[in-house]
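One structure below.
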Amino acid sequence: MPDIVAIRDLGAHHGQTVTVRGWLAGRRNGGKIVFLTLRDGTGICQGVVEARQTEAFAAADALPRESSLVVTGTVRPDARATGGCELAVESLQILHAAADFPITPKPHGIEFLMEHRHLWLRSRRPTAILRIRHTVIQACRRFFDDRGFTLIDTPILSPGAGEDAQTLFPVDYFGETVFLTQTGQLYLESACLALGKVYCFGPTFRAEKSKTRRHLTEFWMIEPEVAFAELDDVIALAEGMVCACVEAVLAKHEADLALLGRDPAPLRRVQAPFPRLTYSAAAERLRSAETRRQLEGELARDRAQLQQWVDRGVALEQQLQQARKVWEQDKLQAELHVLREDIEDLERDVQNRPKHMDLAAAFEWGKDLGGSDETILSRQFDRPVFVTHYPAVAKAFYMKRDADDPRVVCNMDLLAPEGYGEIIGGSQREDRLDALEAAMREKGLTPEDYNWYLDLRRYGSVPHGGFGLGIERTLTWICGLKHVRETIPFPRTLGRIYP
RNA sequence: UCCGACGUAGCUCAAUGGUAGAGCGGGUGGCUGUUAACCACUAGGUUGCAGGUUCGAGCCCUGCCGUCGGAGCCA
C-alpha cells in the first residue's frame with residue numbers, strides 16, 4: 001500500500017507511487033486521456049489518467065465534479081500542470097459519485113452562493129479566507145498566551161441589562177427574558193482581578209437592523225483585560241497584537257492573498273508605532289481647510305477614475321461583441337461584471353462624498369465619530385491609527401474619566417487604513433466606585449442592577465483596562481474584501497439564517 | 001425603520017408593448033496534454049405572487065413577497 005500523501009507535500013515525492021484522498025474539483029476529457037483536478041484541503045493538483053489504465057480510465061471518464069475519491073499514481077514533474085507536478089494515475093477508487101454539483105466553474109451571483117454556502121466553502125476563495133481566519137485567530141491567541149494571559153470563557157447568556165436592549169437578541173430563559181451577549185467585558189473585568197491578565201474569545205450578538213457590508217448579527221470578538229494597566233498600556237497591547245496578526249498572515253499566506261487579489265504592500269507598512277490622535281485633534285482635523293482640500297483632490301481623482309472605468313466598460317463591450325471563443329467571452333463578461341460593480345460602488349461613493357465633506361467640516365465636539373468621519377481620518381494615514389479621549393457623553397459608562405479633562409474618557413478606537421474603519425474599541429475602566437455610580441446615573445442606568453460589577457470596585461479595585469477586536473472586520477481589512485460576510489464560515493445577517 | 005436597484009431555464013444573463021433566447025451546467029457522441037478545454041447533437045420555461053391598463057404584457061400601473069445595496073447605528 002503506497003503512502004497517503006497530502007497534495008501540499010506532493011513535490012517532495014517525485015518519482016514515487018503515492019495515494020491521494022480527496023475530491024474531484026474539475027475534469028477535462030480528451031479522447032483517450034482524462035485530466036482530473038484533485039483537491040484534498042491542503043492543495044490542488046492535476047491527475048492524469050490515460051486510456052491504457054483501463055479500469056481507472058473507465059472510472060474517471062464521466063466522474064461528476066465533487067465526487068470523493070482515492071487515487072494512486074506516480075508523482076512526476078510537469079511544467080504544464082499547475083503546481084509544477086502531476087499524478088500519473090494508476091488506480092482510482094470512487095468513494096462517492098456526486099450528483100450534479102450546483103456550483104459550477106462559471107460565475108454565480110451572491111444570492112445563489114449564500115444559499116449554497118455549505119458547498120461554496122469548497123471553492124478556492126472561501127478556503128483561502130478561512131485559512132487566513134485561522135491564522136489571525138491563532139496569532140491573537142498566541143500573542144496573549146506568550147504574554148502570560150489566561151483564557152477566560154465568558155457567558156453567552158446574560159441577564160437583562162437596562163442598556164440598549166433594542167440591539168440585543170432576547171432569549172426565553174425558563175420564563176425570564178435574558179439576552180445573547182454583546183461583550184464579555186464586565187465578566188472579564190472580574191476575572192482580571194483574579195488572574196491579572198486575561199482574555200476571552202467568543203461569539204457576540206447584535207440585533208441591529210443593519211444591512212450593510214460591514215454588519216453581521218453574529219460575529220467573533222477577542223477581548224483582553226489587564227490589571228494595573230492604564231490607557232497607554234492598552235494601546236501598546238492593541239498595537240502589538242495587530243502587528244502580530246498582520247505579520248503572521250504575511251508570513252504564511254502569500255499565495256492566499258494573491259488568490260484574493262490583495263496587494264500585500266499596505267500590509268507590510270503595518271509597523272508600530274501607529275499614529276495617535278486625540279478625539280479633539282481628530283475633530284480639528286476633520287474641520288480643517290487642509291482636510292477639505294485633500295478631500296476635494298480625492299474627489300476629483302475619483303471622478304476621473306470613474307470616467308476611466310466607464311470608458312473601459314465601453315471598450316470591453318465592444319471586445320465582447322467581437323469575441324468568438326466562449327472562453328474569451330467568459331473572461332470579458334467576468335471583467336465587465338466586476339467593472340460594473342466597481343463603477344456602481346464608486347458612483348455611490350462619489351455621490352455621497354460632498355455630504356461627508358460637509359459633515360466633516362461641520363463636525364461638532366461631543367458627537368461620536370460617524371462612519372464617514374472614520375473613513376476620512378483613516379485615509380490620511382498609511383497604517384492603522386488610534387483615536388483617543390472621546391467625550392464621555394458619547395461613550396459607555398465604564399470608561400475612566402480623564403484626570404486632566406473631565407469632559408473626556410481614557411479610551412481608544414483603532415481605525416484600519418484604506419477606508420476600512422474601526423476594528424478595535426477599548427478603554428481604561430473607571431476604577432473608582434463613586435465615579436462609576438455617577439456615570440451610570442448620568443446614562444440613566446440603575447447602579448443596583450450592576451451590583452456584582454460594582455463589587456469589583458469595593459474589593460481591591462485597581463487601574464485596569466482592555467479592548468475588543470472584531471475578528472471579521474479585521475479579516476475584511478487584511479484580506480482586502482468588500483464584504484464582511486465572506487470572513488465567517490456561515491454568516492448571520494439581517495434576513496439570512498440559512499444554511 | 002427609511003431610500004434605491006433587482007426578480008426570465010439548475011446557474012449567469014439577453015429579449016422597441018407583437019412567435020421567450022444564448023452561454024454554462026445536465027444528457028448523447030467525438031478528440032492523448034487539458035488548464036473556466038474544445039467540436040457536434042439534445043432535453044430543459046405558469047418570466048416571484050395577485051390584480052389592473054391594452055387587440056396584445058417578461059416589458060406599463062398598483063399591492064404583496066423575496067434578494068441585494070445604501071442611510072442611520074455599530075465591531
Side-chain angles (χ1 to χ4, degrees), chain A residues 25-37 44-52 57 62 64-65 78-83 86 88 99-116 124 164 166-167 182-183 203-223 320 323 325-331 333-334 336-337 341 344-345 347-349 351-352 355-356 359 368-372 374 413-416 420-426 467-477 482-485 487 493-496:
Chain A
R27 175 171 52 79
R28 294 171 297 279
N29 287 33
K32 294 200 170 70
I33 189 167
V34 177
F35 297 97
L36 305 175
T37 303
I44 287 185
C45 77
Q46 171 167 292
V48 185
V49 195
E50 297 184 29
R52 59 195 169 81
F57 186 79
R65 281 176 311 107
D78 192 312
R80 291 167 294 187
T82 352
E86 63 183 14
D100 294 345
F101 193 70
I103 297 173
T104 70
K106 300 287 174 173
H108 297 281
I110 190 65
E111 183 181 349
F112 182 80
L113 291 173
M114 289 312 304
E115 200 68 17
H116 296 84
R124 302 188 69 170
D164 289 336
Q166 279 177 343
T167 64
Q182 207 170 196
T183 166
T204 73
F205 306 87
R206 303 281 162 92
E208 289 152 15
K209 300 209 166 173
S210 301
K211 279 183 74 130
T212 80
R213 60 187 67 189
R214 297 181 305 282
H215 283 88
L216 297 167
T217 53
E218 179 183 308
F219 62 95
W220 288 67
M221 195 154 68
I222 192 155
E223 299 175 87
L320 189 59
K325 301 271 186 193
V326 171
W327 67 267
E328 274 178 327
Q329 293 171 1
D330 285 352
K331 216 170 219 170
Q333 213 133 42
L336 200 56
H337 205 83
E341 238 169 59
E344 211 175 298
D345 284 351
E347 255 173 4
R348 195 172 21 247
D349 198 12
Q351 211 175 349
N352 286 338
K355 195 171 75 191
H356 292 163
L359 271 176
D368 204 353
L369 292 175
S372 63
E374 287 181 357
D413 280 357
L414 182 64
L415 310 182
Y420 279 94
E422 185 177 353
I423 55 171
I424 285 180
F467 63 85
L469 170 132
I471 291 290
E472 287 79 11
R473 282 200 177 168
T474 302
L475 276 161
T476 309
W477 160 54
K482 280 188 178 174
H483 203 300
V484 69
R485 70 184 154 212
T487 62
T493 56
L494 183 62
R496 179 170 292 284

Reckon [X] touches a base, only the sugar-phosphate, or nothing at all at heavy-atom distances under 4.0 Å?
X: A:G109; answer: sugar-phosphate
X: A:R496; answer: sugar-phosphate
X: A:E50; answer: base

Counting only side-chain N and O atoms of [X], is one of them less than 4.0 Å from OP1 or OP2 of [N]?
X: A:H116; N: B:C11; result: no
X: A:K211; N: B:G70; result: no
X: A:R28; N: B:A36; result: no
X: A:R213; N: B:G70; result: yes

Whole angstrom is fine here: how far is it from [atom1] in [X] over to [atom2] in [N]?
X: A:N29; N: B:G30; atom1: CG; atom2: C1'; value: 11 Å
X: A:R65; N: B:G26; atom1: CZ; atom2: P; value: 6 Å
X: A:L216; N: B:G69; atom1: CG; atom2: P; value: 11 Å

How far does the [atom1] atom of [N] sit from the matching atom of [M], given to the nearest Å?
N: B:G17; M: B:A57; atom1: C1'; value: 7 Å
N: B:C49; M: B:C3; atom1: C1'; value: 24 Å
N: B:A9; M: B:G26; atom1: C1'; value: 12 Å
N: B:C2; M: B:G58; atom1: P; value: 32 Å
N: B:C55; M: B:C24; atom1: C1'; value: 39 Å
N: B:A43; M: B:G33; atom1: C1'; value: 32 Å

Would you mind telling me which of B:G69, B:C74, B:U32 lies closest to the side-chain atoms of A:H483?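 Looking only at side-chain atoms, A:H483 lies closest to B:G69.
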Can we say A:R496 and A:E115 salt-bridge, meaning some charged N sits less than 4.0 Å from an Asp/Glu carboxylate O?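 Salt bridge present between A:R496 and A:E115.
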Tell me the partner of [N], counting only Watson-Crick (N1-N3 plus N6-O4 or O6-N4) or G-U wobble (N1-O2 and O6-N3) with both under 3.5 Å; none if nothing fits.
N: B:A5; answer: B:U67
N: B:U16; answer: none
N: B:C59; answer: none
N: B:C74; answer: none

Any side-chain heavy atom of A:I471 sitting closer than 4.5 Å to one from A:F219?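 Side-chain contact under 4.5 Å: no.
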Quick test of the criterion, 5.5 Å between centres and less than 30° between planes. Is A:F35 stacked on B:A37 or not?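 It does not: the ring fails the test against the base of B:A37.
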Has the side chain of A:H108 got a donor or acceptor that lies under 3.5 Å from a partner of the other kind on the base of B:C11?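 Not at all, since no donor on one side and acceptor on the other fall under 3.5 Å apart.
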A:H108 vs A:F112 aromatic rings, parallel, tilted or perpendicular, using cut-offs 30° and 60°?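 Rings of A:H108 and A:F112: parallel, as their planes differ by under 30°.
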